[in-house]
Amino acid sequence: MPACNSVSIKSASDVPVHKMVEVVKYSEKYKAVWDAFVEGSKNGTFLFYRDYMEYHADRFTDHSLLIYKKGKLVSLLPANEVGQKLHSHSGLSYGGFITDKRMKSTLMLKVIASVKLYLQVLGFRSVKYKAIPHIYHQQPAEEDLYALFREGAFFIVVT
């Protein structure tokens with residue numbers, strides 16, 4: 001895979017030039033920013049704090065993402081990579097997009113499109129996504145499910 005840790009979307013049919021969305025691969029330098037965002041999020045839980053996630057560091061190749069709009073953090077995606085597949089984190093029971101009260105469906109559509117492009121550039125072929133169960137939301141936070149549906153994702157329900 002190419003050595004690329006960030007992709008900026010500056011134009012696409014559904015992402016106007018003035019609505020730049022940037023996807024950045026997590027590294028240790030983002031720990032404080034990551035944890036502060038989880039603390040203020042509408043759907044984050046203790047599972048998403050970096051100290052908890054780092055417990056599994058020896059078992060998973062972390063590829064968590066920070067998503068920025070106009071330089072402001074708007075979402076996190078705890079994730080790991082397995083070959084050409086991204087998992088919304090295999091070391092966690094669940095792990096979809098973590099968002100705050102500013103997240104709306106229109107922004108999440110841009111986030112999903114940007115992450116999709118980022119992953120394509122890096123050569124990923126698929127994503128295994130485990131949404132955060134709504135029972136853990138402090139406020140309604142299912143914009144991700146709508147945006148994934150709009151992007152043509154298919155869902156497999158395991159019972």
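These numbers come from the heavy atoms of this one structure, side chains and all, not from hydrogens, waters or symmetry mates. Keep in mind that what you see is a predicted model, and the values were worked out from it rather than measured.
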Does the side chain of Ser88 come under 3.5 Å of the side chain of Tyr94 through a donor N or O and an acceptor N or O? no
Check ring pair (Phe, Tyr, Trp, His ring centres under 6.0 Å) between Phe37 and all other residues, then give those that pass, not counting sequence neighbours. none
Would you please name every residue forming a side chain to side chain donor-acceptor pair (under 3.5 Å) with Asp62, sequence neighbours left out? Arg50, Ser64
Salt bridge (Lys or Arg N to Asp or Glu O under 4.0 Å) partners of Arg150, counting only residues at least two apart: none
Who passes salt bridge (Lys or Arg N to Asp or Glu O under 4.0 Å) against Glu143, sequence neighbours left out? Lys42
Between the main-chain N or O of Ser90 and the side-chain N or O of Lys128, is there a donor-acceptor pair closer than 3.5 Å? no
Does one hydrophobic cluster hold both Tyr136 and Leu76, with members joined at side-chain heavy-atom distances below 4.5 Å? yes
Salt bridge (Lys or Arg N to Asp or Glu O under 4.0 Å) with Asp51: which residues, sequence neighbours excluded? Lys31
Fit a plane to each ring of His137 and His134, take the angle between them on a 0 to 90° scale, and name the class: parallel (under 30°), tilted (30 to 60°) or perpendicular (over 60°). perpendicular
Rounded to the nearest 0.5 Å, what separation is found between the NZ atom of Lys29 and the CH2 atom of Trp34? 14.5 Å
Should Phe60 and Leu86 be regarded as members of a common hydrophobic cluster, given that ILVMFWY residues are connected when their side-chain heavy atoms come within less than 4.5 Å of each other, either directly or indirectly? no
Do Thr61 and Asn80 pass the side chain to side chain donor-acceptor pair (under 3.5 Å) test, and can you show the C-alpha distance, the side-chain angles, and the key distance before you say yes or no? CA-CA 5 Å; Thr61 303; Asn80 67 285; over 6 Å; no
Is the Phe124 to His63 ring centre distance short of 6.0 Å? yes
Tyr52: ring pair (Phe, Tyr, Trp, His ring centres under 6.0 Å) partners, not counting sequence neighbours: Phe46
